[in-house]
Amino acid sequence: MRKSIANNVVLNVNHIKKFRTIKIQIDFLRPLSREETTKRRLLANVLSNSTKHYPTFKALNDREMELYGSEINVYTRNLLNFNDLAFSIEFADPKFLIRDINQVKENLNLLGEIVFQPNLKNQGEFDDTSFDTEKRNLMSNLAAVGDNQDLVSILGLTSLLYQNNPDRQIPIFGDIDQLDKLTNAELYKHYIDVINNDAIVVNVVGDVDEAEFEKIFMNSMFADNIDGSRHDLKIHFDKFDELVESPAKKEKHKHLNQSRLALAYLTKKIDQDVSRLAPQAMNLILGGDDQSQLFLQVREKNSLAYSVSSSYQPINHLVTIQAGLDAKTIEQALDLINKQIDFIKNDKFSDDQIVHAKKVLDTRREISSDSIQHYIMRSIWETVYSKSLLTDDQFKGELNKMDRKHIVAVAQDMSAIAQYRLIGD
């Protein structure tokens, strides 16, 4: 069931019986903004710390235990060109419990308390202990980012890719300088803005009666807080035409034992005659698993990298490659990486590699369907950008349709657009 229950507020109830748990997730969405990314990450942490009626982390945790170990999660993430502030609670399906305590209603109420009844010091600020603790923890986490060299290289590459989009320049987990200046009152002001203006997607997955859940939801505190004129979700796609013409490169030196190489390639939008799964299959053959060309040739056979892999982002049509290696072997490794791309462009891969790629894609889809979060995410995408999804029948059709000429076509249309080197001195 999918239903619009208010302006830019959508309720999705996915009645599935195969799970022993039920999950409710509320996503607050608005366009990415460099001025708000850090605020939203700290807000997620503060709201999950305590509430009005459970004013300490222990009290909140004790309430979760009373509900047979309910699990609360609050976080932020990028979703297309939106910042997604997500609140979720997963709990035991009552039919598997000895005592029925109206699990759905009680857990929805607890989730509502986290969203709408925060632990406040006054009408304009959060509780000092909650705010100070979470700000201090996040400051510590952000200070440690520089110790994760894989992450540093990813951020460096991302900065090159989105150099003309300032809202993408701040990573989703925030910026330490912005966080240092952020006050309690400013965070609370942003919280009120979120509650009043963000578009909302509500998802429920599990053995839940659709009509019954809608009735419970519309009689909960959520219904009292979702009216009003909320932001429209206008999708914007980043374009990389300038980088195709003039690829971006950056090199940074640091006292490290191991260097990092991060590369980005743009694939063209595929024709209707080409399988929609061809870019994913190409990526698997290139560097997407431990049977790939990059792993076998760059790492195993020639020992030019400690680690090397590739990934594909279907929304932006980007292929990224990451490698951990010695500074003295970077040029050799880069040359061999390019030879693996040429290997696919020139149609030198085997039929067995195609069969393996298809099997991996099929297996991963089957495995994902055993996760309750898979259905949550699918419902979100169906609401926000349904064109990105394939039904099971469509997936099978695209998988069967794919052949080597589709994979070759994807590789031949790849353009190198960004390169970030983190050199260990």
Side-chain angles (χ1 to χ4, degrees), residues 2-13 23-49 51-52 72-89 108 110-120 123-126 131 134 138 165-168 170-174 178-179 182 184-204 217-218 220-236 376-377 379-386:
R2 174 173 293 101
K3 185 175 182 179
S4 177
I5 55 177
N7 178 51
N8 287 323
V9 180
V10 177
L11 172 63
N12 301 315
V13 181
K23 188 167 186 176
I24 304 171
Q25 182 162 310
I26 318 292
D27 293 78
F28 287 77
L29 299 158
R30 68 166 57 191
L32 280 167
S33 167
R34 65 175 288 114
E35 304 303 326
E36 296 178 343
T37 299
T38 305
K39 292 178 184 177
R40 291 172 76 87
R41 175 52 61 97
L42 180 59
L43 180 61
N45 296 352
V46 169
L47 293 176
S48 64
N49 176 281
T51 73
K52 178 180 179 180
I72 293 168
N73 199 9
V74 188
Y75 57 91
T76 59
R77 63 183 168 198
N78 289 337
L79 187 71
L80 293 172
N81 56 296
F82 308 118
N83 185 304
D84 178 10
L85 172 57
F87 301 80
S88 69
I89 189 163
L108 180 65
L110 181 56
L111 187 61
E113 169 124 1
I114 290 168
V115 178
F116 299 116
Q117 296 187 341
N119 186 12
L120 302 179
Q123 288 304 308
E125 293 180 298
F126 293 102
F131 176 82
E134 295 304 334
L138 186 54
N165 184 349
D167 294 324
R168 293 269 191 182
I170 302 296
I172 193 60
F173 46 77
Q178 288 185 349
L179 179 62
L182 184 57
N184 195 332
E186 288 172 337
L187 187 66
Y188 183 77
K189 182 179 179 181
H190 182 69
Y191 164 73
I192 296 300
D193 187 21
V194 168
I195 297 303
N196 291 334
N197 296 307
D198 279 20
I200 299 174
V201 181
V202 182
N203 279 290
V204 187
F217 185 86
M218 296 310 295
S220 72
M221 67 182 77
F222 284 94
D224 298 330
N225 289 278
I226 59 177
D227 290 334
S229 179
R230 296 181 175 275
H231 297 302
D232 292 327
L233 295 180
K234 295 180 180 179
I235 297 174
H236 166 75
I376 295 278
M377 288 306 303
S379 289
I380 293 172
W381 282 108
E382 284 173 350
T383 302
V384 176
Y385 186 52
S386 60

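Residues: numbered from 1 along the sequence shown.
Side-chain contact check for Met221 versus Val115: every heavy-atom pair is 4.5 Å or farther apart. Counting heavy atoms from C-beta outward, Arg41 and Leu138 have side chains that approach closer than 4.5 Å. At a threshold of 4.5 Å between non-hydrogen side-chain atoms, the residues Leu43 and Phe126 count as touching. Residues Asn81 and Ile235 have side chains in contact (heavy-atom distance under 4.5 Å, counting atoms from C-beta outward). Residues Met377 and Leu79 form a side-chain contact, since some pair of their non-hydrogen atoms from C-beta on lies under 4.5 Å apart. Residues Trp381 and Leu80 are in side-chain contact: their nearest non-hydrogen atoms beyond the backbone lie under 4.5 Å apart. Residues Ile170 and Gln178 are in side-chain contact: their nearest non-hydrogen atoms beyond the backbone lie under 4.5 Å apart.
The distance from the CZ atom of Phe173 to the OG1 atom of Thr76 is 10.0 Å, given to the nearest 0.5 Å. Asn45 contributes atom CG, which lies 13.5 Å from atom OH of Tyr75 (distance to the nearest 0.5 angstrom). Atom CG of residue Asn203 and atom CG of residue Asp27 lie 6.5 Å apart, to the nearest 0.5 angstrom. Interatomic distance, NZ of Lys39 versus CG of Leu187, reported as 8.5 Å (0.5 Å rounding). One distance of note links CZ of Phe87 with CZ of Phe116; it measures 8.5 Å at 0.5 Å rounding. Atom CG of Leu111 sits about 5.5 Å away from atom CD1 of Ile26, to the nearest 0.5 Å.
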Let me see the working for Arg168 and Leu32 under side chain to side chain contact (heavy atoms under 4.5 Å, CB included), right down to the final yes or no. CA-CA 7 Å; Arg168 293 269 191 182; Leu32 280 167; 3.9 Å; yes

Test side chain to side chain contact (heavy atoms under 4.5 Å, CB included) applied to Leu233 and Tyr385, step by step: CA-CA 10 Å; Leu233 295 180; Tyr385 186 52; over 6 Å; no

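In terms of heavy-atom proximity, Asp227 sits nearest to Ala6 at OD1-CB, 4.4 Å. Among all heavy-atom pairs drawn from Ser229 and Asn7, the shortest one is CA-ND2, 3.4 Å. Smallest separation of non-hydrogen atoms from Val74 and Ser48: CG2-CB, 3.7 Å. Closest of all the heavy-atom pairs between Pro166 and Arg34 is O-NH1, 3.2 Å. Heavy-atom minimum distance, Lys23 versus Gln25: CE-OE1, 3.9 Å. The minimum heavy-atom distance linking Ile226 with Arg230 is given by the pair O-NE, 3.3 Å.
Of the residues Leu85, Asn83, Val384, Thr383, the one that meets the side-chain contact (heavy atoms from CB on, under 4.5 Å) test with Leu29 is Val384.
Remark: the backbone N or O of His231 is paired with a side-chain donor or acceptor of Asn8 at under 3.5 angstrom. Thr37 places a side-chain N or O within donor-acceptor distance of the main-chain N or O of Ser33, the cut-off being under 3.5 Å. Side-chain N or O atoms of Arg77 include none that pairs as donor or acceptor with a backbone N or O of Ile172 at under 3.5 Å.
For Arg40 and Asp198, the salt-bridge test passes: some basic side-chain N is under 4.0 Å from an acidic carboxylate O.
The ring of Phe217 has its center closer than 6.0 angstrom to the ring center of Phe222.
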